[in-house]
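Computation of the quantities below employed the complete heavy-atom set of this structure, encompassing side-chain atoms and omitting hydrogens, waters and symmetry-equivalent molecules.
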Protein chains: 4
Amino acid sequence: MEATLNKQDLILSAALSLFADRGFDGTTVPMIAEAAKVGAGTIYRYFENKEALVNTLFEQGTLALTEATVGQLYQEGDDVRTQFRHFFYGMVTFAKQDINGLHFLVTHAQGWYLTLENKQLFEQLQKGLYAFCDYGIEQKMIRSMSSPVLIAIVFGAFKELYNAVRLGGVVLSAELIEQVEECCWNAIEYKK
Amino acid sequence: MEATLNKQDLILSAALSLFADRGFDGTTVPMIAEAAKVGAGTIYRYFENKEALVNTLFEQGTLALTEATVGQLYQEGDDVRTQFRHFFYGMVTFAKQDINGLHFLVTHAQGWYLTLENKQLFEQLQKGLYAFCDYGIEQKMIRSMSSPVLIAIVFGAFKELYNAVRLGGVVLSAELIEQVEECCWNAIEYKK
Amino acid sequence: MEATLNKQDLILSAALSLFADRGFDGTTVPMIAEAAKVGAGTIYRYFENKEALVNTLFEQGTLALTEATVGQLYQEGDDVRTQFRHFFYGMVTFAKQDINGLHFLVTHAQGWYLTLENKQLFEQLQKGLYAFCDYGIEQKMIRSMSSPVLIAIVFGAFKELYNAVRLGGVVLSAELIEQVEECCWNAIEYKK
Amino acid sequence: MEATLNKQDLILSAALSLFADRGFDGTTVPMIAEAAKVGAGTIYRYFENKEALVNTLFEQGTLALTEATVGQLYQEGDDVRTQFRHFFYGMVTFAKQDINGLHFLVTHAQGWYLTLENKQLFEQLQKGLYAFCDYGIEQKMIRSMSSPVLIAIVFGAFKELYNAVRLGGVVLSAELIEQVEECCWNAIEYKK
DNA sequence: AATGAATGAGCCTTCATTCAT
DNA sequence: GATGAATGAAGGCTCATTCAT
């Protein structure tokens, strides 16, 4: 069944866990090899070096998160409140899929080892979210504030929450997620 | 003015910046020495090793943040809303004092190099904040949710915001801070 | 011929020479690596650290010397004089096999880096020799003196002699060895 | 009373103990400073560097041992047996004076840090002893053997014995010393 | 293709030596 | 003269990377 996981995926998956837990610099290639159950040399058949590996993970993650969030916005006929919900549940889905993926992305987004392309890719994601905020402000649905601040609030809250989940301190029920979504919306919604 | 800074403080300050930017494992002792403008060996006159250095910073930071936040709570005669404001402005003051300090703390709180004492110190801080949430819930001023979740939301938002400030993407005016404080309160306040 | 020597043996052999010549603290790992014609890192594939390396050598040497000396004693039917000869030629054989081995052992037997096990192993060797002296005294073949003193005399003489050989100042012929053996026996034999 | 010991002597004395115990390379300058109860910098007021310090000790020791041994030989009217006794008791006196001095000399005589002058000084001492042996052989009082071998036997035995004393395993009474002297003489005396 | 032994650059740390006080 | 804080060269050791099998 899961024998279909090829070596490259094994390596990527092992590396993601370790990077999320210990950071790029705190993770050694032998650690990844052992966790992926491959020889250390094998990693270099699939990735030019350790930096290429982290950049591959970062790119995949950023693209997936972009798709899961920005990609949910602007669905025809949706009002800003609904779009926000879609955006939020996009993050939830992304986070659920791989509890480490989100933490890896946010803890490695400023890494010195990231390529310019990947740094820009992450900025694109942020800009997409800023644009949504600006649209919501225009529609008088979202508080009139600098959109990076608004995104920081929502995204920061979400990120911290899932970090607590990842570390085992919090268990999220569907109901709780719904409440958190409401909290986040309350934080940024436009008040008459 | 600042010529009074002794070598130990120079080292601590340089290390804090570098740890905040590159993480513990991504920062080398020679990097710290160069940034502090001291010889590499000098660092070992003040700190037993690199781990002792990071633990000193972590302890100082955690104590200061505890004082700045939990220490602001439960002032006589204050209602929950006012206490929250004090707590929030405590964080603002802390963050303003050393823009790297907050980011350092949160990015290093799970580090393998932390002593048990420091891990417990940080947990104490969290527990203090949870207790405040529970009190607010009891007073029907804060939404009835698991307090770690509430703290994650407020603290995550704040942290992300100041990270944006640290990275230069956001400039905080007094007015903007006030608004953010309101946002955070809105996120968690009790709704009839 | 000796192309069969594996890396571990190359390292052990190079380390033995250097330790014998310069002592443990005066020998650097890069020195050993160069002498063994391996990379410095390779040494750590075979030995946990420099101390483990010196302890391996010490253990091997002590066991071999014990076998070569104490192991020669108490052969059935041998009188004390013959046993002494066997003991002496056991040392000769040991010293010939590796001219550095004996000097390494005696110069490192008090080292702070030795494990308790190795210190005890060396003490066992000494005790074995003491026991032989006590036996010889009982048989009225060896002078009645404290056995550590008797052993110090014979062993010290032998050791110093082979150190002179090692340093190139003395060449030992079979005949000379025989004479030295007689000298040593004369030193400790029982006189009517 | 002993306040007359100046700093230089304090340093020399502390260094001698430490070198004898841990060897030159295993002894650090701060160790010496602490044992001598002076600042580390003070050592450099009296000695150009660590090597100069060890060479000073080695020179003093070699000269004193030469005086104590070779200096006792060839006293008018003494036969070879008596001269040997004087030589032997010269060593005893030397060793008694500073139990570490003898061990320091013999364990450091091949050190890479010794100056050529000091190496030659030590060789002179050896040559003086060789000459005595040759004289004794000529007089048919000492066994006809290569004199370095004879010296190795006597000196090696003596050295090892006093090392045992130094390490606390053996206590030498006047009577025991007399016996050991006899043993050593027996080892090398001419047999009809 | 896969491995892991081997390598050496670079890390953390120590310590001989200097120098301002 | 005496000190010990400061330094940086060098040591022990790790680990990213290569390559023979």
Side-chain angles (χ1 to χ4, degrees), chain A residues 6-8 10-11 24-34 36-53 113, chain B residues 6-8 10-11 24-34 36-53 113, chain C residues 6-8 10-11 24-34 36-53 113, chain D residues 6-8 10-11 24-34 36-53 113:
Chain A
N6 58 28
K7 297 217 185 255
Q8 174 152 7
L10 284 171
I11 294 165
F24 176 76
D25 292 297
T27 302
T28 69
V29 172
M31 275 180 201
I32 298 170
E34 195 191 347
K37 287 177 187 159
V38 299
T42 306
I43 290 173
Y44 289 85
R45 291 213 144 272
Y46 295 97
F47 304 96
E48 203 189 328
N49 51 34
K50 197 183 165 191
E51 292 180 33
L53 172 52
Y113 34 75
Chain B
N6 59 26
K7 299 225 183 249
Q8 174 153 7
L10 283 172
I11 293 164
F24 178 76
D25 292 301
T27 302
T28 71
V29 172
M31 275 180 201
I32 298 170
E34 196 191 345
K37 286 177 188 157
V38 300
T42 303
I43 290 174
Y44 292 85
R45 288 199 68 74
Y46 294 97
F47 303 96
E48 204 187 331
N49 51 35
K50 196 184 164 191
E51 292 180 33
L53 173 52
Y113 34 77
Chain C
N6 59 27
K7 300 225 183 248
Q8 174 152 8
L10 284 172
I11 293 165
F24 178 76
D25 291 302
T27 301
T28 71
V29 172
M31 275 180 200
I32 299 170
E34 195 189 347
K37 286 180 188 153
V38 300
T42 304
I43 291 173
Y44 292 87
R45 290 198 67 75
Y46 294 97
F47 303 96
E48 204 187 330
N49 51 37
K50 195 184 165 192
E51 291 180 34
L53 173 53
Y113 35 76
Chain D
N6 59 28
K7 298 220 183 250
Q8 174 152 7
L10 284 171
I11 293 165
F24 176 76
D25 292 297
T27 303
T28 70
V29 172
M31 276 180 201
I32 299 170
E34 194 192 347
K37 286 175 188 159
V38 299
T42 305
I43 290 174
Y44 290 84
R45 290 215 144 271
Y46 294 97
F47 304 96
E48 203 188 328
N49 50 35
K50 197 183 165 191
E51 292 180 32
L53 173 53
Y113 35 75

With both distances kept under 3.5 Å, what pairs with [N], Watson-Crick or G-U wobble?
{"N": "E/dT21", "answer": "F/dA2"}
{"N": "E/dT13", "answer": "F/dA10"}
{"N": "E/dA1", "answer": "none"}

- Message: I'd like to check B/Tyr113 versus B/Lys50 (side-chain heavy atoms, cut-off strictly below 4.5 Å). Are they in contact?
- Response: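 No, too far: nothing below the 4.5 Å cut-off.
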- Query: Are any of the side-chain heavy atoms of B/Leu53 and B/Ile32 separated by less than 4.5 Å?
  - Reply: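 Sidechains of B/Ile32 and B/Leu53: in contact.
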- Distance-minimising heavy-atom pair for A/Tyr44 and A/Asn49: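 Distance-wise, the nearest heavy atoms are CE2-CA, 3.8 Å.
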- Item | Taking every non-hydrogen atom, the tightest pair across B/Ala40 and B/Val29 | O-CG1, 4.5 Å
Just compare [options] and give me whichever is closest to any side-chain atom of [X].
{"X": "A/Thr28", "options": "E/dC11, F/dC13, F/dA16", "answer": "F/dA16"}
{"X": "B/Thr42", "options": "E/dA2, E/dA6, F/dA6", "answer": "F/dA6"}
{"X": "B/Lys7", "options": "F/dT7, F/dT3, E/dT13", "answer": "F/dT7"}
{"X": "C/Pro30", "options": "E/dA6, E/dT3, F/dG12", "answer": "F/dG12"}
{"X": "C/Tyr44", "options": "F/dT14, E/dT3, E/dC15", "answer": "F/dT14"}

- Message: If you assign each of A/Ala40 and D/Gly39 to its closest nucleotide in DNA chain F, which residue comes earlier from the 5' end?
- Response: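 Closest to the 5' end, via its nearest nucleotide, is D/Gly39.
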Rounded interatomic separation in angstrom, taking [atom1] from [X] and [atom2] from [N]:
{"X": "D/Phe47", "N": "F/dA2", "atom1": "CZ", "atom2": "P", "value": "12 Å"}
{"X": "A/Asp25", "N": "E/dC12", "atom1": "CG", "atom2": "P", "value": "11 Å"}
{"X": "B/Glu34", "N": "F/dT7", "atom1": "CD", "atom2": "P", "value": "13 Å"}
{"X": "A/Asn49", "N": "E/dA9", "atom1": "CG", "atom2": "C1'", "value": "15 Å"}
{"X": "C/Ile43", "N": "E/dG8", "atom1": "CD1", "atom2": "C1'", "value": "12 Å"}
{"X": "C/Lys50", "N": "F/dG12", "atom1": "NZ", "atom2": "P", "value": "4 Å"}
{"X": "C/Tyr113", "N": "F/dC13", "atom1": "OH", "atom2": "P", "value": "14 Å"}
{"X": "C/Glu51", "N": "F/dG11", "atom1": "CD", "atom2": "C1'", "value": "14 Å"}

- Message: Heavy-atom nearest nucleotide on DNA chain E for B/Gly41 versus C/Val38: which residue maps closer to 5'?
- Response: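 Whichever sits nearer the 5' end wins; that is C/Val38.
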- Touch check for B/Tyr46, heavy atoms < 4.0 angstrom, all strands: base, sugar-phosphate only, or nothing?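 Sugar-phosphate: the residue B/Tyr46, judged by heavy atoms under 4.0 Å, touches backbone atoms but no base.
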- Give one of base, sugar-phosphate or nothing for B/Val29, where a contact means two heavy atoms less than 4.0 Å apart.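 The answer is base, as B/Val29 lies within the cut-off (heavy atoms under 4.0 Å) of a base atom.
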- Query: Roughly how far, to the nearest 0.5 Å, is CD of B/Glu34 from OG1 of B/Thr28?
  - Reply: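 Here the rounded value is 9.0 Å.
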- Nearest-0.5 Å distance, OG1 of residue C/Thr27 to CG of residue D/Asp25: 8.0 Å
- Give a yes/no on whether any side-chain N or O of A/Arg45 is located under 4.0 angstrom from OP1 or OP2 of E/dA1.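 A/Arg45 to E/dA1 OP1/OP2: side-chain N or O found under 4.0 Å.
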